[in-house]
Protein chains: 2
Amino acid sequence: MPKLVDPQERRRVVVDALFRVVVREGLQRASLRTVADEAGLNIGSLRHYFAGQAELMDFAMRSMIDRVSGRLVQRIEDGGELREYTAAEQLRFVTGLMEELLPLDDRRRAEVTVFLDFNAAARTNPAFRDLAFKAADGTRRLIRRALALLADGGALRAGLDLDVESERLASLVDGLCLNAVLHPDVLDAQSCTRVLHAHLHSLTDLP
Amino acid sequence: MPKLVDPQERRRVVVDALFRVVVREGLQRASLRTVADEAGLNIGSLRHYFAGQAELMDFAMRSMIDRVSGRLVQRIEDGGELREYTAAEQLRFVTGLMEELLPLDDRRRAEVTVFLDFNAAARTNPAFRDLAFKAADGTRRLIRRALALLADGGALRAGLDLDVESERLASLVDGLCLNAVLHPDVLDAQSCTRVLHAHLHSLTDLP
DNA sequence: TGTTTTATGTCACAGCCGTGATAGAAAAAG
DNA sequence: CTTTTTCTATCACGGCTGTGACATAAAACA
């Protein structure tokens with residue numbers, strides 16, 4: 001006999017509604033009332049699962065980060081022993097990893113859109129600063145490890161500075177996300193992947 | 001005999017105040033009242049120079065775009081006949097042009113910060129969409145022309161696709177702007193220029 | 001001078017917002 | 001059954017928003 005309401009499920013429904021509002025109208029318009037309406041709930045009901053706006057926002061941001069990092073971890077686990085890969089295989093793996101961060105389909109586009117709005121808000125809203133920093137630091141570490149993997153495998157071009165290349169790839173990915181979300185008709189998914197592939201390829205000696 | 005108040009100067013003062021508020025507290029908190037306070041004006045006085053919020057925001061965004069594009073045009077005019085440059089000189093010129101877009105000092109940091117907030121808002125606010133698109137399109141054209149210049153001068157590496165490289169450089173610059181503004185302690189001005197220099201250098205055959 | 005335009009300041013209104021308080025329905029526990 | 005907890009729903013308050021209306025003051029003009 002299932003309980004009529006599953007609190008965990010309810011919170012997920014609310015967060016999904018919040019994401020839809022943010023994608024459609026921006027984080028600024030994601031008030032308790034608009035989110036409750038989007039979720040088909042009464043605001044009183046929503047406030048029974050989230051004590052206040054701060055808790056809702058914090059939970060939503062954590063949920064989104066968990067989803068993305070979960071997919072990344074899954075990919076890494078599925079990869080197995082990456083050191084045993086050939087250079088070309090390693091490059092393909094890293095490419096897939098970076099593509100997970102780009103808005104190449106509706107799901108990832110929504111995530112990136114929300115993520116960008118959250119980060120922009122985190123610049124001036126102390127409530128988001130720590131989380132935004134951890135997220136940025138996490139992808140930064142991931143990218144650095146990915147490039148270090150290529151370097152260990154001998155796939156990386158000679159004379160490349162790992163620090164500089166990590167920053168360059170991280171900023172390129174962020175810039176692609178930004179432009180793909182803000183001007184999707186100018187920078188579509190195809191162009192995005194083409195640029196990413198060209199960049200990663202230019203870091204290697206592969207044909 | 002100067003008039004006691006110069007309307008044009010007043011509007012500039014108001015826009016400067018708006019920029020300070022946006023940099024300090026975000027575009028969201030830049031209301032007519034907070035901007036008026038920041039400018040040391042009464043809200044009634046402010047509304048004498050700007051009919052409403054929409055006009056103020058529109059004027060402010062245009063002002064910022066004019067400032068940046070003005071500096072770029074100045075650099076291009078000062079450059080003279082670029083086609084007569086050597087490959088190394090052309091690369092230096094293009095580097096300087098791109099550096100004008102990065103938040104390398106307080107003035108540029110403020111401009112980029114405001115610009116990013118405006119663009120984020122433009123995603124969901126139709127009032128900003130046209131301007132945001134024109135600005136993005138302008139820098140896109142500029143970057144493409146800069147790379148075309150290098151290509152004509154023979155400085156560009158063989159086998160590079162101008163379309164892909166334009167997108168790559170544009171997104172890299174945007175990503176550097178984003179990270180430098182959101183995490184200035186992680187990506188400082190030095191790291192920014194190092195990455196930019198490494199990228200532009202990698203596009204050429206220069207030593 | 002008087003008149004007109006420009007500039008500044010103040011008030012009130014409706015519309016959101018988050019949130020505290022509270023009531024009542026529904027489900028679970030005793 | 002009764003009691004308790006969980007859930008849903010509604011009201012009211014203060015705070016902030018843009019804006020229309022208006023009064024006053026200052027400068028420019030005639």
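Each chain gets a letter, A, B and so on, in the order the sequences are listed, and its residues count up from 1.
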Across all chains, not counting sequence neighbours, the salt bridge (Lys or Arg N to Asp or Glu O under 4.0 Å) partners of A:Asp188 are none
Across all chains, not counting sequence neighbours, the side chain to side chain donor-acceptor pair (under 3.5 Å) partners of A:Ser31 are A:Thr34
Hits for side chain to side chain donor-acceptor pair (under 3.5 Å) against A:Arg24, two or more places apart or cross-chain, chain-then-number order -> A:Glu38
Expected list for residues 26-46 of chain B near DNA chain D, using heavy atoms below 4.0 Å, is B:Ser31, B:Leu32, B:Arg33, B:Thr34, B:Ile43
Distance-only criterion, 3.5 Å: show the donor-acceptor pairs between side-chain atoms of residues 122-132 of chain A and protein atoms not counting sequence neighbours.
from, atom 1, to, atom 2, distance (Å)
A:Arg123, NH1, B:Val23, O, 2.7
A:Arg123, NH2, B:Val22, O, 2.9
A:Asn125, OD1, A:Ala127, N, 3.0

So the side-chain hydrogen bond (donor to acceptor under 3.5 Å, both in side chains) pairs with at least one residue in residues 167-179 of chain A (sequence neighbours excluded) are A:Arg140-A:Glu167, A:Glu165-A:Arg168, A:Arg168-B:His199, A:Ser171-B:Asn179, A:Asp174-B:Asn179, A:Asn179-B:Ser171, A:Asn179-B:Asp174
The salt bridge (Lys or Arg N to Asp or Glu O under 4.0 Å) partners of B:Arg141 (sequence neighbours excluded) come to B:Asp137
List the atom pairs, with distances to 0.1 Å, where a side-chain N or O of residues 90-107 of chain B and a protein N or O form a donor-acceptor pair under 3.5 Å, not counting sequence neighbours.
from, atom 1, to, atom 2, distance (Å)
B:Gln90, NE2, B:Leu82, O, 3.1
B:Thr95, OG1, B:Leu91, O, 2.7
B:Glu99, OE2, B:His197, NE2, 2.8
B:Glu100, OE1, B:Arg75, NE, 2.4
B:Glu100, OE2, B:Arg71, NE, 2.9
B:Asp105, OD1, B:Arg107, N, 3.3
B:Asp105, OD1, B:Arg108, N, 2.8
B:Asp105, OD1, B:Arg108, NE, 3.3
B:Asp105, OD2, B:Arg108, NE, 3.3
B:Asp105, OD2, B:Arg108, NH2, 3.1

Applying side chain to side chain donor-acceptor pair (under 3.5 Å) to B:Asn119 and not counting sequence neighbours gives none
So, with a heavy-atom separation below 4.0 Å from DNA chain C, the residues of residues 117-128 of chain A are none
Axis-to-axis angle across the helix from C:dT1-D:dA30 to C:dG30-D:dC1, five pairs each end, nearest 10 degrees, ~ 10°
Side chain to side chain donor-acceptor pair (under 3.5 Å) filter on A:Gln74, not counting sequence neighbours, yields A:Asp78
